[in-house]
> 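Please find one structure pasted underneath; my questions will follow.
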Amino acid sequence: MKLGCIADDFTGATDLAGLLRRSGASVKLHFGLPTRPSGGLSDIEIVALKCRTEPVEKAVKDCSIAADWLVAGGATQLYWKYCSTFDSTETGNIGPVAEAIMKITQQSQALYCPAFPENGRSVFMGHLFVGNQLLNESSMADHPLTPMTDSNLARILAPQVKAPVSVWNRVAQKNGSPIPQEKHVIGDAVEFSDLEFLARNTPSNVLLTGGSALAMPMPEILGIASTENFSDPHVQDRAIILSGSCSQMTQQQVDLYRQRHPSYQIEPETLGSEEIHTCISWIKSLPSDAVPLIYATASPDSVKASQAALGVTEAGTIVEKAMAEIASAAHQLGKRRFVVAGGETAGAVTQALNIDEVIIGREICPGVPWVFSISSGDPVALALKSGNFGTTDFFSDALAILEDI
Ligand code: ADP
């Protein structure tokens, strides 16, 4: 193995896997901490954790175990992947996990760059933009778990880490200034060529961390050879869509899909076991070739009302547990193609389906590939979509891609 990556959620991990796979390199993705010894590994191994909103201590512990496993497997370079909208809180995990990985790799600095130009995420003067809006003026300000109310990445990171944070801004980069000396450095990047610049010009004592796009140049830089193309495995055609993301784009995707297809809304306040069983019975009642959408996706006002009634964590957990139970039941009913919207939601669903390792298939849109669990003779296909990714037709587009396999 040459490149070992740790991702803080499951959709982020498939996003990273899809972009790295573009290079033709062989990429393997593990959901959760790998249980088998490291050995016989691919050139690129990714460990996907569900640690974005976990308490710091737990996140640091799990990421350290993952980092040790990757290093023991021969990784010459580690990469810490988080969301392209820098999703975290003041007590968040991006900084503490970077510090823990640096200890393991004996690197003395970390570079942070969540930019993903293809998806409209850019960093300029240390400020993160989503399209043409500052992060805090975008819909990310209303995220149910990690509302992003500041676009200044140094200011977000500072309370998370023990040493000063500075910015390697784009003007300084263009003027030939080397990376600043502070332990934590935010890197500007507006275009893909800026990311290539960062990846190529960051000295080896610096841990690279960021969204998926900063890792894209790595296969070439590390001299990872392209493998022969494999074709996506055939997966039984029964499908279901599960959406627990409340992001603005997901709301539009849900609105469009439910106009033409069977759909069922679940709401945290009424989501007891009876309601879950009613939902599962409803899925059973549909023709087997129908592709139902189950969604908790709701407007910011409605999410706030649920959170006021139940608490932020509890509202999220109730929905995630329900999605997990519905996913298991759907699998028992013969569903093998799962389209899932939402990072936390995807984590809950993948764990419920007991999927711990996948290979990477075709991309549906930038940052969302189909992935396939092939350990059993009855493979499962997953499309795990981060909240704001994809266009309004995403659900139909994802299903259509598998039609010709
Ligand atoms: P995204 O990728 O858009 O960030 P996530 O699944 O990571 O989506 O996060 C959305 C969170 O919001 C999840 O924890 C989910 O359970 C929770 N959630 C979903 N629907 C609701 C709702 N109606 N009210 C409150 N919380 C919700």
Side-chain angles (χ1 to χ4, degrees), residues 7-16 31 48-54 81-89 92-93 114 116 119 121 130 135 138-148 211-212 241-255 258 263-271 275-276 279 293-327 338-352 365 367-368 382-390 394-395:
D8 71 348
D9 80 344
F10 286 19
T11 50
T14 55
D15 164 12
L16 177 65
F31 290 120
L49 298 175
K50 190 173 179 299
C51 65
R52 180 169 301 162
T53 54
E54 273 183 340
K81 153 78 176 78
Y82 39 79
C83 190
S84 63
T85 40
F86 214 68
D87 298 15
S88 59
T89 63
N93 298 329
F116 190 170
N119 274 345
R121 274 58 157 169
V130 177
L135 175 67
S138 77
S139 59
M140 281 307 296
D142 294 316
H143 191 277
L145 303 179
T146 48
M148 299 307 290
S212 50
I241 303 169
L242 300 162
S243 177
S245 157
C246 297
S247 298
Q248 201 173 48
M249 180 46 79
T250 310
Q251 291 183 50
Q252 292 172 24
Q253 290 159 343
V254 165
D255 278 346
R258 72 194 173 96
S263 64
Y264 193 106
Q265 182 178 19
I266 53 177
E267 291 166 295
E269 286 97 322
T270 52
L271 205 46
E275 170 63 357
I276 294 174
C279 173
L293 161 69
I294 317 297
Y295 67 100
T297 307
S299 67
D301 284 346
S302 161
V303 170
K304 279 193 188 105
S306 302
Q307 291 178 334
L310 299 162
V312 173
T313 311
E314 186 60 12
T317 306
I318 288 173
V319 171
E320 289 172 39
K321 280 193 175 151
M323 287 296 187
E325 206 173 322
I326 294 165
F338 291 80
V339 180
V340 188
E344 299 294 329
T345 314
V349 167
T350 311
Q351 282 167 350
C365 63
V368 195
L382 295 165
L384 308 181
K385 185 194 82 81
S386 292
N388 276 313
F389 283 7
F394 175 82
F395 295 142

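All residue numbers in this chain count up from 1 along the given sequence. First listed ligand is number 1; within each ligand, the first listed atom is number 1.
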> Specify the protein heavy atom at minimum distance from atom 6 (O) of ligand 1: its residue, its atom name, and the distance to 0.1 Å.
T345 OG1, 2.7 Å

> For ligand 1, which atoms have a heavy atom of A298 less than 4.0 angstrom away?
23 (N)

> Output yes when the distance from some N or O of ligand 1 to some N or O of S247 is under 3.5 Å, and no in every other case.
yes

> side-chain contact (heavy atoms from CB on, under 4.5 Å) between L135 and R121: does it pass, once the steps are laid out?
CA-CA 9 Å; L135 175 67; R121 274 58 157 169; over 6 Å; no

> Consider every N or O of V319 and every N or O of ligand 1, then say whether any pair is closer than 3.5 Å.
no

> With atoms numbered from 1 as shown, which atoms in ligand 1 lie under 4.0 angstrom from a non-hydrogen atom of G387?
1 (P), 2 (O), 3 (O)

> With a cut-off of 4.0 Å, which atoms of ligand 1 are near a heavy atom of P144?
12 (O)

> With a heavy-atom distance limit of 4.0 Å, tell me whether P268 approaches ligand 1 through its side chain, its backbone, both, or neither.
side chain

> Students should be able to answer this: which protein heavy-atom is nearest to atom 4 (O) of ligand 1, and at what distance?
H143 NE2, 2.5 Å

> Is there a side-chain contact between N119 and S84, using heavy atoms and a 4.5 Å cut-off?
no

> Quick one: does E320 get within less than 4.0 Å of ligand 1, heavy atoms only?
yes

> Quick one: closest heavy-atom pair of P268 and V319, and the distance?
CG-CG2, 3.8 Å

> What's the shortest distance from atom 23 (N) of ligand 1 to any protein heavy atom, and which residue and atom give it?
A296 O, 3.1 Å

> Are T350 and L384 close enough that some pair of their side-chain heavy atoms sits under 4.5 Å apart?
yes

> Quick check: does any side chain N or O of S247 sit under 3.5 Å from a backbone N or O of M249, one acting as donor and the other as acceptor?
no

> Is the closest heavy-atom distance from V303 to ligand 1 below 4.0 Å?
yes

> Where the side chain of D15 meets the backbone of S386, is there a donor-acceptor pair that is under 3.5 Å apart?
no

> Answer with side chain, backbone, both or neither: which part of M323 has a heavy atom less than 4.0 angstrom from an atom of ligand 1?
neither

> Considering non-hydrogen atoms of the protein only, which is the closest contact for atom 19 (C) of ligand 1, and what is the distance?
G244 O, 3.1 Å

> Indicate yes or no: does an N/O atom of A315 lie under 3.5 Å from an N/O atom of ligand 1?
no

> Mind listing the closest non-hydrogen atom pair of A352 and A324 along with its distance?
CB-O, 3.4 Å

> Counting non-hydrogen protein atoms only, what is the nearest one to atom 8 (O) of ligand 1? Give residue, atom name and distance.
G342 CA, 3.3 Å

> Would you check the N or O atoms of E344, main chain and side chain alike, for any that come under 3.5 Å of an N or O of ligand 1?
yes

> What part of L145, side chain, backbone, both or neither, has a heavy atom within less than 4.0 angstrom of ligand 1?
side chain

> Could you pull out the closest heavy-atom pair between F10 and A48, with the gap in Å?
CE1-O, 3.5 Å

> Are the side chain of T297 and the backbone N or O of S245 linked by a donor-acceptor pair below 3.5 Å?
yes

> Just which atoms of ligand 1 are under 4.0 Å from any heavy atom in C246?
19 (C), 20 (N), 21 (C)

> What protein heavy atom lies closest to atom 17 (C) of ligand 1? Include the residue and the distance to one decimal.
G316 CA, 3.9 Å

> Please could you name the atoms of ligand 1 that S306 approaches to less than 4.0 Å, counting only its heavy atoms?
24 (N)

> So, S263 and R258: side-chain donor and acceptor under 3.5 Å apart, yes or no?
no

> Side chain of D9, backbone of R52: donor and acceptor closer than 3.5 Å?
no

> What pair of heavy atoms forms the shortest contact from C83 to P114, and how long is it?
O-CB, 3.8 Å

> If we count only N and O atoms by modelled type, under 3.5 Å, do the side chains of K385 and Q253 hold a donor and an acceptor together?
yes

> N/O of T250 under 3.5 Å from N/O of ligand 1, yes or no?
no

> For ligand 1, is any non-hydrogen atom under 4.0 Å from S245's backbone (N, CA, C, O), its side chain (CB onward), both, or neither?
both

